[in-house]
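To find a chain, count down the sequence lines: A is the first, B the second, and so on, and within it residues start at 1. These figures come from a predicted structure and were not determined experimentally.
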Protein chains: 2
Amino acid sequence: MGLTIYDIAREAGVSIATVSRVFNNSPRVAPHTRKRVLEVARRLGYQPHVSAQSLARRQAQTVAAIVPMLTNYFFVEVLRGLQDRLAETSFDLLVYAAPTLSDVNAHLERALQRGRSAGVMIFSTPMTEERVERLRRSRQPVVLVDSFHPDFDSVSIDNEQGGYLAARHLLEHGYQRIGLLMAHPDSVPARERRHGYERALREADLEPDPALIVASTDPHNHGYTEEGGYEAMRRLLERNPRPEAVFVVSDIMALGALRAIEETGLRVPEDLGLIGFDDLRVSRFLGLSTLRQPMYEMGKLAAEKLLRRIAEPELPVTSTVFAPRLICRRTCASDEQDGQRDVTTLTRNLA
Amino acid sequence: MGLTIYDIAREAGVSIATVSRVFNNSPRVAPHTRKRVLEVARRLGYQPHVSAQSLARRQAQTVAAIVPMLTNYFFVEVLRGLQDRLAETSFDLLVYAAPTLSDVNAHLERALQRGRSAGVMIFSTPMTEERVERLRRSRQPVVLVDSFHPDFDSVSIDNEQGGYLAARHLLEHGYQRIGLLMAHPDSVPARERRHGYERALREADLEPDPALIVASTDPHNHGYTEEGGYEAMRRLLERNPRPEAVFVVSDIMALGALRAIEETGLRVPEDLGLIGFDDLRVSRFLGLSTLRQPMYEMGKLAAEKLLRRIAEPELPVTSTVFAPRLICRRTCASDEQDGQRDVTTLTRNLA
DNA sequence: GTGAAAGCGCTAACAT
DNA sequence: ATGTTAGCGCTTTCAC
């Protein structure tokens with residue numbers, strides 16, 4: 001069924017090399033020849049065969065994104081940025097999303113298959129030595145999103161600073177006993193956020209209280225899930241005395257945490273202050289205070305870095321760290337505004 | 001760089017055909033030969049080259065999903081279903097998401113490039129004759145999600161029935177002047193929902209009032225956007241007398257609509273009843289009543305249909321219609337429950 | 001500026 | 001059960 005370069009060549013009275021040159025915008029082809037070839041190709045409805053191109057060029061025309069799970073919309077927002085940048089190129093986007101963390105390796109293997117993609121972006125995945133070794137062996141361009149390793153390009157957020165700002169913000173609002181809702185302890189970003197939180201407390205002459213730190217035990221995605229947040233918050237609220245405010249290391253967990261809080265009948269922010277991390281779009285509707293990550297921009301930049309490295313593999317490695325931005329909404333009883341619309345009364349209306 | 005089948009063949013003392021057979025699980029290979037080949041392959045770290053396979057098999061090892069835009073999480077939920085089903089196969093997922101509707105055609109062209117994918121799924125895209133013609137010409141397996149055409153497999157929701165249930169629900173709660181927030185009039189699902197809405201009104205001896213029907217004018221994604229909902233609701237609330245309740249044809253628009261309502265100081269549901277369509281995850285947190293689409297299941301089924309058609313192109317076309325389910329939450333002042341957790345007090349706490 | 005020819009790495013007849 | 005061989009559709013030297 002499919003037309004080949006041979007059909008076009010014959011019809012246009014040229015060789016296949018010329019047809020190929022035309023479609024690759026080679027300057028070494030006479031204007032009128034180019035015109036004729038394109039005319040014939042259009043008339044016959046010819047399209048180059050992507051797999052054949054990939055094979056001959058020794059480079060796939062796709063780029064892979066490996067995402068822990070699509071239920072956390074953080075990843076979706078980053079993907080949007082990726083996609084928008086890639087749409088400007090000839091690379092198409094392969095998306096690998098695993099329902100559980102264990103599958104990340106399986107997806108990684110698929111994405112790294114030879115001839116599959118020209119490069120991969122790996123989201124929020126701890127860089128174990130084993131994984132690093134696997135990536136190196138693949139000799140493929142790699143960009144890390146929301147994680148770090150000196151051998152690979154990366155884009156991430158200043159987690160320590162974010163945790164610091166979160167805790168300090170709660171302190172500034174008069175809360176004293178500040179709890180922490182952690183993801184799994186082996187999540188590097190979560191650990192960094194925790195360090196920032198501890199720094200803020202110490203700066204206020206408060207010693208972090210291990211009893212007020214509870215980690216999500218959901219096995220999925222290092223605990224960054226709604227269910228994980230729900231369950232961890234339930235445990236945290238059993239503490240006696242209970243915390244006056246809580247920093248939750250991610251908005252998706254904060255969603256579950258809010259449910260848990262509601263079930264106990266506590267009021268936010270009067271009885272309990274709350275601040276999250278990420279600034280998902282839903283957070284605005286909930287009036288959730290949080291630390292914003294510029295997810296879309298991070299996606300765009302990640303795509304940019306990958307494209308650059310595909311073009312020039314020997315470029316020096318760069319790692320870009322974005323600064324988190326405090327978004328003050330209702331859940332921490334602030335009188336400040338974040339410059340955006342405030343949804344305070346929205347939720348009141350609904351009640 | 002890059003081991004080939006020849007390297008393995010030589011090392012294992014067999015021909016390349018045998019190596020190929022081993023990797024394609026052909027039964028026509030002796031157990032001990034298979035074992036030896038696999039052993040060599042593992043030792044040397046051999047992986048088949050996907051592009052070469054695609055070329056030789058005349059079938060790409062990917063499947064494409066063309067999505068209007070990732071800002072509507074409806075698509076994300078369907079994508080999850082797709083991805084989960086595809087992960088069980090050897091097909092990987094290409095995602096095309098356009099920021100504006102006009103780009104759907106551009107993305108379609110890319111997805112349909114020869115050798116790019118083994119089949120495509122097209123989300124929420126009106127099947128114009130031109131588009132149908134293009135798809136037919138491509139001779140590729142196609143599955144339609146959230147739209148319909150007799151020539152292609154499809155999975156969708158009973159929009160008319162959903163619109164009917166929505167309006168009837170509002171009527172049953174005593175609302176009389178019921179408005180409608182439409183997407184673009186050329187969105188088929190929106191039109192179907194409108195028909196259901198009108199049927200419910202007529203059944204209650206109410207004549208649909210054109211003055212109470214306002215359409216989103218956002219050019220993106222047929223008006224299915226937060227901004228579109230916001231702006232349309234503002235206009236609707238200027239009507240005099242204004243509606244007592246409103247059926248919004250999609251949750252993403254309802255998000256914007258809620259913002260508009262809030263700005264006017266109206267209370268939901270006392271001053272204004274509201275019901276949406278989709279049941280996004282955020283809707284539960286907002287207490288938004290809505291008609292649920294089983295998005296994840298729709299994605300799984302769409303993947304299933306596509307895989308089947310890839311395997312057997314001559315299968316008869318099937319179209320599956322899911323029934324929407326009424327989810328009664330706060331925004332329509334119901335005393336019923338939907339069996340799930342109620343978030344009534346959650347939003348109250350936040351206020 | 002254009003063409004001939006040698007791959008790219010694999011699959012699938014066909015032969016044995 | 002295994003090997004030989006002819007493609008799959010394109011890119012890319014290398015000549016001219």
| Salt-bridge criterion met for B:Arg136 and B:Glu133 (N-O under 4.0 Å) |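 Yes, charged N to carboxylate O under 4.0 Å.
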| Is a salt bridge present between B:Arg42 and B:Glu39, judged by a nitrogen-to-oxygen distance below 4.0 Å? | yes
Counting only N and O atoms by type, is there a donor-acceptor contact under 3.5 Å from the side chain of [X] to the main-chain atoms of [Y]?
{"X": "B:Glu77", "Y": "B:Phe74", "answer": "no"}
{"X": "A:Asp84", "Y": "A:Gly81", "answer": "no"}
{"X": "B:Arg21", "Y": "B:Ser26", "answer": "no"}

Would you say [X] places a side-chain N or O within less than 4.0 Å of OP1 or OP2 belonging to [N]?
{"X": "A:Arg28", "N": "C:dG1", "answer": "no"}
{"X": "B:Gln53", "N": "C:dG9", "answer": "no"}
{"X": "A:Ser15", "N": "C:dT2", "answer": "no"}
{"X": "A:Tyr6", "N": "C:dG3", "answer": "no"}
{"X": "A:Thr33", "N": "C:dG1", "answer": "no"}

Would you mind reading off the distance between [X] atom [atom1] and [N] atom [atom2], rounded to a whole angstrom?
{"X": "A:Arg114", "N": "C:dC10", "atom1": "CZ", "atom2": "C1'", "answer": "10 Å"}
{"X": "B:Gln59", "N": "C:dG9", "atom1": "CD", "atom2": "P", "answer": "22 Å"}
{"X": "B:Phe23", "N": "C:dA12", "atom1": "CZ", "atom2": "P", "answer": "15 Å"}
{"X": "B:Ile8", "N": "C:dG9", "atom1": "CD1", "atom2": "C1'", "answer": "12 Å"}
{"X": "A:Ile16", "N": "C:dA4", "atom1": "CD1", "atom2": "P", "answer": "9 Å"}
{"X": "B:Leu55", "N": "C:dC8", "atom1": "CG", "atom2": "P", "answer": "14 Å"}
{"X": "B:His49", "N": "C:dT11", "atom1": "NE2", "atom2": "C1'", "answer": "15 Å"}

| request: Return yes if the base of C:dG3 and the side-chain atoms of A:Arg21 contain a donor-acceptor N/O pair under 3.5 Å, otherwise no. | output: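 Answer is yes: a donor-acceptor pair is held.
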| query | Partners of A:Asp218 by side-chain contact (heavy atoms from CB on, under 4.5 Å), sequence neighbours excluded? | reply | A:Ser216, A:His220, A:Thr225, A:Glu227
| message | Quick check for you: name the first and last nucleotides of DNA chain D, 5' to 3', having an atom under 4.0 Å from a heavy atom of chain B. | response |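 Both ends considered, the range comes out as D:dA1 to D:dC10.
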With a non-hydrogen cut-off below 4.0 angstrom, is [X] in contact with a base, only sugar-phosphate, or nothing?
{"X": "A:Ala30", "answer": "sugar-phosphate"}
{"X": "B:Thr4", "answer": "sugar-phosphate"}
{"X": "A:Val14", "answer": "sugar-phosphate"}
{"X": "B:Gln47", "answer": "sugar-phosphate"}

| field | Pairs satisfying side-chain hydrogen bond (donor to acceptor under 3.5 Å, both in side chains), at least one member in residues 27-36 of chain A, at least two apart | value | none
